S.K.: 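Here's a structure for you.
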Amino acid sequence: MTSARRTAVLLLTAATLTGCGHILATPGDAAPPAAPSTPGAEQGDANPHYAENHAFQSTLDLSDADRARGEAEVKRVKQGLAALAEGQKSTEDSVFHALHALGYPDGSVTTGTFGPHRTSFTVTLGTLCVDGSLDGAVNGLVNARAHGRYMEGTGCVKPRGGH
């Protein structure tokens with residue numbers, strides 16, 4: 001046998017034994033193993049760890065009664081702050097006083113600012129939280145939402161940080 005023929009036979013034998021990189025299945029064999037995947041990663045997911053990284057901002061579930069009460073409080077807050085939003089001149093102080101005028105007790109209202117024209121607020125009502133903002137750059141825009149207390153133990157104040 002010539003060396004060229006011997007090399008060809010060796011290569012053919014090696015390819016037959018290794019399957020050329022393919023898994024050869026015979027009847028009765030188990031299915032080939034699935035390709036490894038990254039847990040939580042979906043195809044096309046731009047940020048596969050978003051939910052994991054923001055879990056510290058999770059809130060407690062509201063009961064049906066608290067959910068209904070929350071919807072009513074959101075409506076009440078939006079109506080009560082509409083006049084301030086129309087003037088595009090809301091301040092922490094004016095929002096604070098407007099929420100107190102709606103009957104929310106001392107210690108239940110906190111306000112803040114972010115950006116040049118936005119005033120934020122949080123109203124703590126036991127297990128129910130109502131928070132939102134007035135946008136001083138958009139005439140008449142009042143945002144508000146109801147949710148349960150934060151699981152991190154910060155009450156109605158959104159926790160900062162994470163891991």
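Quantities reported herein were computed from a predicted structural model and do not represent experimental measurements.
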S.K.: Taking all heavy atoms of Lys78 and all of Val142, pick out the closest pair and write down the distance.
M.R.: CE-O, 3.6 Å

S.K.: What pairs with Ser63 under side-chain contact (heavy atoms from CB on, under 4.5 Å), at least two apart in sequence or on another chain?
M.R.: Ala65, Asp66

S.K.: Within the structure provided, determine whether Val123 and Glu73 are in side-chain contact (heavy-atom separation under 4.5 Å).
M.R.: no

S.K.: Under the side-chain contact (heavy atoms from CB on, under 4.5 Å) test, which residues partner Asp135, sequence neighbours left out?
M.R.: Arg118, Ala137, Val138, Leu141

S.K.: Look up atom OG1 in Thr124 and atom CG in Asp131, then write down how far apart they are to the nearest 0.5 Å.
M.R.: 9.0 Å

S.K.: What pairs of residues pass the disulfide bond (SG atoms under 2.5 Å apart) test when at least one of them lies in residues 74-107, not counting sequence neighbours?
M.R.: none

S.K.: From Leu62 CG over to His147 NE2, what is the distance, rounded to the nearest 0.5 angstrom?
M.R.: 9.0 Å

S.K.: Which value, rounded to the nearest 0.5 Å, describes the distance between Asn143 atom CG and Phe121 atom CZ?
M.R.: 8.0 Å

S.K.: Testing the basics here: between Leu84 and Ala98, what is the closest heavy-atom pair and its distance to 0.1 Å?
M.R.: CD1-CB, 3.8 Å

S.K.: Provide the full list of disulfide bond (SG atoms under 2.5 Å apart) pairs with a residue in residues 123-161, sequence neighbours left out, each pair given once.
M.R.: Cys129-Cys156

S.K.: Considering residues at least two apart in sequence or located in another chain, which fulfil the side-chain contact (heavy atoms from CB on, under 4.5 Å) criterion with Asp64?
M.R.: Arg67

S.K.: Identify all side-chain donor-acceptor contacts of residues 107-115 below 3.5 Å with residues at least two apart in sequence or on another chain.
M.R.:
unit_1	atom_1	unit_2	atom_2	d
Ser108	OG	Pro105	O	2.6
Thr111	OG1	Glu92	OE1	3.4

